[in-house]
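Please read the structure below before turning to the comments.
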Amino acid sequence: MAQYGYEKIELAGLYGRTPSAMRAQLNSLGIRASSSHDGISADSAALRTKLENALILGQKYVNVPYLNSNSLSDWQLWADQMNAEAAVARRYGLKYGYHNHAHEFTIDLGGGLTPWEVLTSRLDKRLVHLEVDLYWAYTGGVNTGAADPDRFAIDVIRDAPQTVRQFHVKDRDVTTGDMCDLGTGVVDFPRIFRSHQVEEYIVENDTPDVTPLTSAAVGHLYLDHVRY
């Protein structure tokens, strides 16, 4: 990945390594971890460990990657928990965010209220940012019957009170609706990028078309040449 031009990655676990060992390995490759996916912490000690690990790794961001429930009270509690964690993260000099999937736009918590509406109304915009996954935002548009899923994704970004600091840049196959390599699917990234620019554009493909490294190479090449 370093040879393809990547200088940063977003971690989702340490794979049995200590934070120091992971940073040393990344340093040897010329890559640094700028961000991570970490769930809401069980207690204050776990939160402290999570944030201290992020500092050891040299991160700028920590993001909650996934929450799911049909209960309104769960989403309200999670939003409050994220606000509390984000306040501590700020004292560590870290930016704390939430990463979406598609279900936040489609689950009915009662009276048509969605998890996305709960989160964006309850998360403290001074403390919590958004890491918008463009594949899932686009898919949210498809699943809600939006005539223009790209417009739906743009509205998700524009209408949120919270700052959108990071994108997961992930494409959608026109036939299967599955993830695909950047530039081979239907998401109009130039249009979305024109509407909002972020601090980090993170290449992602959970189901790479060939191999993860090939997918990474295609993604970097696409982003390096995309014009908007």
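Hydrogens, waters and symmetry mates play no part in the numbers below; they use all other heavy atoms, side chains included.
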Check against side-chain contact (heavy atoms from CB on, under 4.5 Å), Asp108 and Asn70: CA-CA 7 Å; Asp108 187 346; Asn70 292 316; over 6 Å; no
Stepwise side-chain contact (heavy atoms from CB on, under 4.5 Å) check, Thr144 with Phe152: CA-CA 9 Å; Thr144 57; Phe152 181 90; 3.6 Å; yes
Derivation of the side-chain hydrogen bond (donor to acceptor under 3.5 Å, both in side chains) call for Ser20 and Thr18: CA-CA 5 Å; Ser20 297; Thr18 66; 4.9 Å; no
Leu55/Leu94 under side-chain contact (heavy atoms from CB on, under 4.5 Å): CA gap, chis, key distance, verdict: CA-CA 8 Å; Leu55 289 183; Leu94 295 164; 4.1 Å; yes
His37 vs Tyr61, ring pair (Phe, Tyr, Trp, His ring centres under 6.0 Å): CA-CA, chis, key distance, verdict: CA-CA 9 Å; His37 274 191; Tyr61 312 92; over 10 Å; no
Criterion side-chain contact (heavy atoms from CB on, under 4.5 Å) on Asn205 and Leu182, from CA distance to verdict: CA-CA 8 Å; Asn205 186 351; Leu182 293 189; over 6 Å; no
Derivation and outcome, side-chain hydrogen bond (donor to acceptor under 3.5 Å, both in side chains), residues Glu10 and Asn63: CA-CA 10 Å; Glu10 181 175 61; Asn63 296 305; 3.3 Å; yes
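Heavy-atom minimum distance, Thr207 versus Met179: OG1-O, 3.4 Å. In plain terms, the two heavy atoms of Ala153 and Ile192 that are nearest each other are CB-CD1, 4.3 Å. Of all the heavy atoms in Pro190 and Tyr222, the pair that sits closest is CD-OH, 3.6 Å. Residues Asn100 and Ala137 come closest through the heavy atom pair ND2-N, 3.7 Å. Here the closest non-hydrogen pair linking Val198 and Val164 is CG1-O, 3.4 Å.
Judged by distance alone, with hydrogens and angles left aside, the side-chain atoms of Ser215 form no donor-acceptor pair with the main-chain N or O of Thr211 at under 3.5 Å. Of the possible polar contacts, one joining the Asn83 side chain to the Arg122 backbone as a donor-acceptor pair under 3.5 Å is found. No donor-acceptor pair closer than 3.5 Å links the side chain of Thr214 to the backbone N or O of Val210. Checking side-chain atoms of Glu104 against main-chain N and O of His101 turns up a donor-acceptor pair under 3.5 Å. With Glu117 contributing its side chain and Thr114 its backbone, the two residues share a donor-acceptor pair below 3.5 Å. Put simply, the side chain of Lys95 never gets that close to the backbone of Leu127: no donor and acceptor are under 3.5 Å apart. Panel note: side chain Thr176, backbone Asp173; no donor-acceptor pair is recorded below 3.5 Å. Side-chain atoms of Asp188 come within 3.5 Å of backbone N or O of Arg191 as a donor-acceptor pair. A side-chain donor-acceptor contact under 3.5 Å links Asp171 to the backbone of Gly185. Judged by distance alone, the side chain of Asp43 and the main-chain N or O of Ala45 form a donor-acceptor pair under 3.5 Å.
Using a 4.5 Å cut-off on side-chain heavy atoms (C-beta onward), Phe193 and Tyr201 make contact. Put simply, the side chain of Arg23 does not reach to within 4.5 Å of the side chain of Pro19, judged on heavy atoms. Ile31 places none of its side-chain heavy atoms less than 4.5 Å from the side chain of Lys8. Under the 4.5 Å side-chain criterion, counting only non-hydrogen atoms from C-beta, Arg32 is in contact with Ser34.
Defined by atom type and a distance below 3.5 Å, a donor-acceptor pair is missing between the side-chain atoms of Ser35 and Gln59.
Of the residues listed (Arg90, Glu85, His129), the one engaging Tyr96 in a side-chain hydrogen bond (donor to acceptor under 3.5 Å, both in side chains) is Glu85, and it is the only one. Paired with Glu200 under the rule side-chain hydrogen bond (donor to acceptor under 3.5 Å, both in side chains), one option of His168, Gln166, Lys60 passes, and it is Gln166.
Salt bridge absent: Arg172 and Asp178 never bring a charged side-chain N and a carboxylate O closer than 4.0 Å.
Ring centroid separation for the pair Phe189 and Phe167 does not come in under the 6.0 Å cut-off. Within the 6.0 Å centre-distance limit, the rings of Tyr6 and His220 are counted as a close aromatic pair.
Put simply, CG on Leu77 and CE on Met82 are 9.5 Å apart, with the number rounded to the nearest 0.5 Å. The CD atom of Glu7 sits 13.5 Å away from the CG atom of Leu29 when rounded to the nearest 0.5 Å. Distance check: Leu134 CG to Ile154 CD1 gives 9.5 Å after rounding to the nearest 0.5 Å.
The aromatic rings of Trp75 and Trp78 sit perpendicular, their planes meeting at an angle over 60°, well past the 30° parallel limit.
Counting non-hydrogen atoms of neighbouring residues, nucleotides and ligands closer than 6.0 angstrom, the CZ atom of Arg126 reaches no more than 12 such neighbours.
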